[in-house]
Amino acid sequence: MCSQTQSESSYLQEMEFFVPVFSLFLSLVSCASSDPITEPLRLCMTTQLSYNTEASTIIHTSNSSSYSSILISSEQNPRWLNSTSKPLLILTPFNESEIRAAVLCSRKCGIQIRVRSGGHDYEGLSYLCKTPFIIIDMINFKSIDVNIADETAWVQSGATLGELYYSIGKKSDVHGFPAGICPTVGIGGHFSGGGFGTLVRKHGLAADHVIDAVLIDANGKIMNRETMGEDLFWAIRGGGGASFGIIVSWKIKLVQVPKVVTGFTVSKLISQDGGSLVNRWQYIADRFHEDLFMRVILQNVGSGGQKQVQADFNSLYLGGIDTLMPLMKQSFPELGLEEKDCIEMSWVQSAQYFAGYKKEQPLEVLLSREALYKSNFKGKSDFVTNPIPEIGLQGIWERFMQEQLVFMILDPYGGKMAEISEFEIPFPHRKGNIYNIQYIVKWDVNEASEAGKHMYWMDMLYRYMKPYVSNSPRGAYINYKDLELGTNNRGTNTSYMEASSWGRKYFKNNFKRLAVVKSRVDPHNFFRNEQSIPPFRVLSGS
Ligand code: FDA
């Protein structure tokens, strides 16, 4: 899966930067020395960068005191903490030349790269690999430059959503950005896969608002939108991270938000009127006024004989209570929303509210990289195009009662999402989708041995849901990565056809176009992981 490609050495010959100086260096430094991997890599980096990387702070070997703390610093799923798959080195570059050197030297030495921005990958693919690998951790690429005059910002991949929201909120109370809800999520992985949150119905995805980017490809070439070409620029906005190169930074277009927005959460037990409200919600969630985002968080609460399923109607309205109340009376009176349930705030405070912080807490909580809730988990996703019948919902409630800690988060689409073509960027789940489902089962960090039981439950629920969700293909969201859908388990020989089994779930008809772009920009599949885009030319057997 992460092994060196057969044609890797010949590929090196094609590298554009393969100037005479480097060529001389390659002949001097062998990758088969006493420390067969890390030492040649370090030497290569030293030569590339013209300074002694041994003395630098960017290379962390397993002997460095910093290695373990950096390794676990942004891992968001403790499920992988005890994995035996550990990087040979962790690199924490400060500038583009250092990333470029790391790419070129890893190729030279036949080592795989895992790029990590925020570390939230559901399957740990930014820090796990089955064959020798290094991590390029983007922690030092976290600058954010907000320009209110032209309503844009440059944000580096290692920044978090919380840092972006904070930076925007500090400069303007009438601007925002439509991205995910959890502030610790990294920009690099999130924008690469699409990215949606409370502004999704009004403005679409984060990737819909990317207008430029800086990327380093497998040849070490540093490119922006103009130099990378529109096909690659299309692919990195939703085609998933880690397939095309390392994205260093993104230029985004900000959106306008009202000075006052309103948040509310109404919780109902399914055994009371919660079940019928969830059913009703399915018929209207994508048709509400686009200023209203109302998601449903289903979870089991209580324990033993007291166990119940609860539905939280968790909402953001882009306006004040005065206009929200009549809107709710008209579009969802059954919920019985009252003024006392509502909290007015600024948009940036709503980012805090949805992250689980209180409005009164300082805005700086958005800068914390420590997740509020961290436990072992398995996630999956689906898209719903027709309301699930009541009998179908009933089966979900029954299955919830069989597990300890499970969630289904139903995120409404419609609005702007229905207006954007499914081919505009690689993320294809647009018109016709009422809502997205994210399934999560969690278990205690100390219960590693219980993983199989919870995975089995998740598999059972996913099978049960099949008749009720999108089909041909059954859709899935790349940012809720799910290796149970299938993997590139034959490494570089994975054919486009084999990968289609999971690739079409994430990207539908855009999968082929992504594979074609991949063939052009990384034909030897240097940037790869278990669910990266394979080059299309493998299909034709060339
Ligand atoms: P991470 O660093 O793990 O990277 C994810 C993938 O992208 C990996 O394959 C990695 O190699 C690659 N990658 C990372 N940086 C790269 C770079 N600079 N260049 C190229 N490839 C790169 N999603 C959503 O849409 N809305 C939401 O509200 C949430 N909320 C949420 C909460 C929590 C707690 C979690 C764990 C996840 C979410 N997500 C989400 C999902 C999230 O968008 C998804 O996991 C992103 O890929 C995470 O990006 P990170 O940079 O944090 O992950």
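No hydrogens, no waters, no symmetry mates; every other heavy atom, side chains included, goes into these values. All ligand and atom numbering here is 1-based and tracks the order in the structure.
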Q: Compute the shortest N/O to N/O distance between G188 and ligand 1 and return yes if it is under 3.5 Å, no if not.
A: no
Q: For atom 46 (C) of ligand 1, which of N529, N479, I135 has the closest heavy atom?
A: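 It is N479 that holds the nearest heavy atom.
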Q: Under a plain distance cut-off of 3.5 Å, with no hydrogens placed, do Y477 and Q438 share a side-chain donor-acceptor pair?
A: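 Result is no, nothing qualifies.
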Q: List the closest protein heavy-atom neighbour of atom 9 (O) of ligand 1: residue, atom name, distance to the nearest 0.1 Å.
A: K481 NZ, 3.5 Å
Q: Side-chain donor-acceptor pair under 3.5 Å between D312 and S267, yes or no?
A: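 The criterion, which ignores hydrogens and geometry beyond distance, is satisfied for S267 and D312.
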Q: So, D382 and Y439: side-chain donor and acceptor under 3.5 Å apart, yes or no?
A: yes
Q: Using the six-membered ring of Y462, assess whether NZ or CZ of K380 lies under 6.0 Å from its centre and within 45 degrees of the ring axis.
A: yes
Q: Can you confirm, on distance only, whether ligand 1 has an N/O atom lying under 3.5 Å from any N/O atom belonging to S192?
A: no
Q: So if I count the atoms of ligand 1 from 1 in the order they appear, which ones are less than 4.0 Å from some heavy atom of Y477?
A: 24 (C), 25 (O)
Q: Tell me which protein heavy atom sits closest to atom 52 (O) of ligand 1, plus the residue, atom name and distance to 0.1 Å.
A: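 Sorting protein heavy atoms by distance from atom 52 (O) of ligand 1 puts G186 N, 2.8 Å first.
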Q: Just need the protein heavy atom nearest to atom 26 (N) of ligand 1, so name the residue and atom and give the distance.
A: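 Atom 26 (N) of ligand 1 sits closest to the protein heavy atom F196 O, 2.8 Å.
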Q: Regarding K481 and E530, does a basic nitrogen lie under 4.0 Å from an acidic carboxylate oxygen?
A: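 No, this pair does not count.
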Q: Return a yes/no value for A242: is any of its N or O atoms, backbone included, closer than 3.5 angstrom to an N or O of ligand 1?
A: yes
Q: Minimum distance, heavy atoms only, to atom 48 (C) of ligand 1: which one of Q156, Q438, R114, H120 is it?
A: H120
Q: Check R237 with E424, please: is the shortest side-chain N to carboxylate O separation under 4.0 Å?
A: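 Looking at R237 together with E424, the answer is no, because their closest N to O distance does not fall below 4.0 Å.
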Q: When the ring planes of F177 and F191 are compared, do they come out parallel, tilted or perpendicular, using 30° and 60° as the limits?
A: tilted
Q: Measure the distance from atom 3 (O) of ligand 1 to every protein heavy atom, then report the residue, atom name and distance (to 0.1 Å) of the closest one.
A: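 Ranked first by proximity to atom 3 (O) of ligand 1 is S126 OG, 2.6 Å.
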Q: Less than 3.5 Å between some nitrogen or oxygen of T184 and one of ligand 1, yes or no?
A: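 No, since none of the N or O atoms of T184 sits under 3.5 Å from an N or O of ligand 1.
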Q: Should one rank S117, A355, C182 by closest heavy-atom distance to atom 15 (N) of ligand 1, which comes out on top?
A: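 Answer by nearest heavy atom: S117.
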Q: Yes or no: does Y127 have any heavy atom under 4.0 Å from an atom of ligand 1?
A: no
Q: Parallel, tilted or perpendicular: which one describes the rings of F511 and Y496, with boundaries at 30° and 60°?
A: parallel
Q: List the closest protein heavy-atom neighbour of atom 18 (N) of ligand 1: residue, atom name, distance to the nearest 0.1 Å.
A: I247 O, 2.8 Å
Q: Between the side chains of K518 and D522, is the shortest nitrogen-to-carboxylate-oxygen separation below 4.0 Å, so that they form an ion pair?
A: yes
Q: Look at the aromatic rings of F427 and Y413 and report parallel, tilted or perpendicular, splitting at 30° and 60°.
A: tilted
Q: Atom 12 (C) of ligand 1: which of G241, G195, G197 has the nearest heavy atom?
A: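 Minimum heavy-atom distance to atom 12 (C) of ligand 1 goes to G241.
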Q: Return the residue, atom name and 0.1 Å-rounded distance of the protein heavy atom closest to atom 13 (N) of ligand 1.
A: V115 O, 3.8 Å
Q: State the atoms of ligand 1, each with its element, that fall below the 4.0 Å cut-off from a heavy-atom position in G180.
A: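 With G180 as reference, the close atoms of ligand 1 come out as 26 (N), 27 (C), 28 (O).
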Q: Using heavy-atom distances, let me know which of W250, Y480, F527, F377 sits nearest atom 40 (C) of ligand 1.
A: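 It is Y480 that holds the nearest heavy atom.
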Q: Could you name the option among G119, G158, G189, S532 that has the heavy atom nearest to atom 7 (O) of ligand 1?
A: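 Looking at heavy atoms only, G189 sits closest to atom 7 (O) of ligand 1.
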Q: Does at least one non-hydrogen atom of G245 fall below 4.0 angstrom from an atom of ligand 1?
A: yes
Q: Does any N or O atom in L125 lie less than 3.5 angstrom from one in ligand 1, N or O only?
A: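 Checking ligand 1 against L125, no N or O pair falls under 3.5 Å apart.
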Q: Can you see whether F526 has R107 sitting over its ring - NZ or CZ less than 6.0 Å from the centre and within 45° of the normal?
A: yes
Q: Counting heavy atoms only, which of I99, I187, D121 comes nearest to atom 5 (C) of ligand 1?
A: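 Residue with the shortest heavy-atom distance to the ligand atom: D121.
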Q: Tell me whether K512 at atom NZ has more than 12 heavy atoms from other residues, nucleotides or ligands lying less than 6.0 Å away.
A: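 Incorrect, the count does not exceed 12.
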Q: Salt bridge or not between D482 and K378? Use side-chain N to carboxylate O under 4.0 Å.
A: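 Counted as a salt bridge, because a side-chain N and a carboxylate O are separated by less than 4.0 Å.
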Q: Pull out every atom of ligand 1 sitting under 4.0 Å from any heavy atom of I246, numbered as shown with elements.
A: 19 (N)
Q: Of all the atoms in ligand 1, which lie at a distance below 4.0 Å from a heavy atom belonging to R116?
A: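 Close to R116: 2 (O).
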Q: Is the closest side-chain heavy-atom distance between V384 and I437 below 4.5 Å?
A: yes
Q: Around atom 37 (C) of ligand 1, find the nearest protein heavy atom and jot down its residue, atom name and distance.
A: Y122 CE1, 3.4 Å
Q: Of the protein's non-hydrogen atoms, which lies at the shortest distance from atom 43 (O) of ligand 1, and what is that distance?
A: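 So the nearest neighbour among protein heavy atoms is H190 ND1, 2.8 Å.
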Q: Kindly determine whether T92 and T57 satisfy side chain to side chain contact (heavy atoms under 4.5 Å, CB included), including the steps that lead there.
A: CA-CA 8 Å; T92 50; T57 53; over 6 Å; no
Q: Quick check on contacts: which atoms of ligand 1 are under 4.0 angstrom from a heavy atom of S157?
A: 18 (N)
Q: Test your reading of the structure: does I181 have an N or O sitting under 3.5 Å from an N or O of ligand 1?
A: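 Indeed, backbone or side chain, I181 has an N or O that close.
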Q: Are K442 and F407 side-chain neighbours, meaning at least one heavy-atom pair lies under 4.5 Å?
A: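 The answer is yes; the side chains approach within 4.5 Å.
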